[in-house]
Amino acid sequence: MDGNGRWAKKRLLPRIAGHKKGLDSIGVIIKSAINYNVSTATLYAFSTENWNRPSEEINGLMELFSDAIDSQTDKLITNDIRVRILGDISIFTNKLQSKIKSLIKKTSINKGLNLNIALNYGARSEIIMAVNKASKSKTGALLEKDLTGNLYTKDMPDVDLLIRTGGQKRLSNFLLWQIAYSELYFIDTLWPDFSDKDFIDALYFFQNTERKFGNLKGNI
Ligand code: FPP
């Protein structure tokens, strides 16, 4: 969800105003994801690298997460959305941690859209965590399934489509293991401007891409 800061800067607003507007785009794509039968969507909301930002912005983001949980929990439940967190939330304040845990619990029986929120997430530390956990419970060489079974995304399918807004064409330490065969979709639109139409365009791109997973299908 890149581009919130630039969206705000263009309007001479503080960066947090861009993040607040970004919440509206989240609402739009959650609705679209449900409409178009997407089973799982993951939002990259806060990376392990985002701690390097000014404390004013970090505090603003923490407040935004907390307020969003307060105001959106009922809507998430009514819409049958199951929320899970990817990342290490033990670094957050006790208050925010318990709000997050309560949200996970309250939505845990939901059967509709799986909504993952990546918070204090970094793919490299996730992979290291998984290797350490797997090697503790197994002697001998690790297999791929030992590792995938210890990622935050265990029991979830690999990523089919990765969308990055805001014009940069990079992965920024996001789900590096899980995107091995993903289709990558980069658009210039800043996240607060991301619309239902942009999401549908991304889904069309995905639908029209022949997936090969390393074999020659389509070439012979
Ligand atoms: C990247 O844009 C965006 C973020 C670091 C934060 C995204 C968070 C939200 C939209 C709020 C999410 C809330 C919930 C409850 C999931 P940037 O700041 O790097 O933008 P820039 O590249 O234009 O500076």
Which heavy atom of [X] sits nearest a heavy atom of [Y], and at what distance?
| X | Y | value |
| --- | --- | --- |
| Pro192 | Ser25 | O-OG, 3.3 Å |
| Lys99 | Ile69 | O-CG2, 4.0 Å |
| Leu151 | Ala130 | CD2-CB, 3.7 Å |

Run Val131 and Leu142 through side-chain contact (heavy atoms from CB on, under 4.5 Å) and show every step you take.
CA-CA 8 Å; Val131 171; Leu142 296 179; 4.2 Å; yes
More than 12 foreign heavy atoms under 6.0 Å from CZ of Phe213: is that the case here?
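It does: Phe213 CZ has more than 12 such atoms within range.
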What distance do Met129 atom CE and Ser125 atom OG have between them, rounded to the nearest 0.5 Å?
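If we round to the nearest 0.5 Å, Met129:CE and Ser125:OG are 8.0 Å apart.
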Side chains of [X] and [Y]: does their closest heavy-atom pair fall under 4.5 Å?
| X | Y | value |
| --- | --- | --- |
| Leu86 | Leu175 | yes |
| Leu64 | Leu23 | yes |
| Arg84 | Leu115 | no |
| Asp88 | Tyr121 | no |

Decide whether Glu183 and Gln207 meet the rule of one side-chain donor and one side-chain acceptor closer than 3.5 Å.
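Judged by distance alone, the side chains do not pair up.
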If a pair satisfies salt bridge (Lys or Arg N to Asp or Glu O under 4.0 Å) and one of its residues is in residues 34-58, list it, with sequence neighbours excluded.
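Every pair satisfying salt bridge (Lys or Arg N to Asp or Glu O under 4.0 Å) with a residue in residues 34-58: Arg15-Glu57, Arg53-Glu57.
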Once salt bridge (Lys or Arg N to Asp or Glu O under 4.0 Å) is applied, what residue pairs with a partner in residues 140-162 remain, sequence neighbours excluded?
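As it turns out, the salt bridge (Lys or Arg N to Asp or Glu O under 4.0 Å) pairs with a partner in residues 140-162, which skip direct neighbours, are Lys138-Asp146, Asp160-Arg211.
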Quickly, which of Arg170, Gln168, Arg164 forms a side-chain hydrogen bond (donor to acceptor under 3.5 Å, both in side chains) with Asp2? Name it, please.
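Testing Asp2 for a side-chain hydrogen bond (donor to acceptor under 3.5 Å, both in side chains) against Arg170, Gln168, Arg164 leaves exactly one candidate, Arg164.
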Using 30° and 60° as the class boundaries, would you call the ring planes of Phe65 and Phe46 parallel, tilted or perpendicular?
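Answer is perpendicular, since the angle exceeds 60°.
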Phe194 and Ile187: side-chain contact (heavy atoms from CB on, under 4.5 Å), yes or no, with the steps?
CA-CA 10 Å; Phe194 192 73; Ile187 58 165; 3.5 Å; yes
Does Leu13 sit in a hydrophobic cluster with other residues, and if so which ones, taking ILVMFWY side chains as linked at heavy-atom separations under 4.5 Å, directly or through other members?
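Members besides Leu13, by chain and number: Trp7, Leu190.
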Residues Arg124, Asn173; criterion side chain to side chain donor-acceptor pair (under 3.5 Å); working and verdict:
CA-CA 7 Å; Arg124 288 183 173 181; Asn173 205 13; 4.8 Å; no
Can a salt bridge be assigned to the pair Lys20 and Asp24 using a cut-off of 4.0 Å between side-chain N and carboxylate O?
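Salt bridge flag = no for Asp24 with Lys20.
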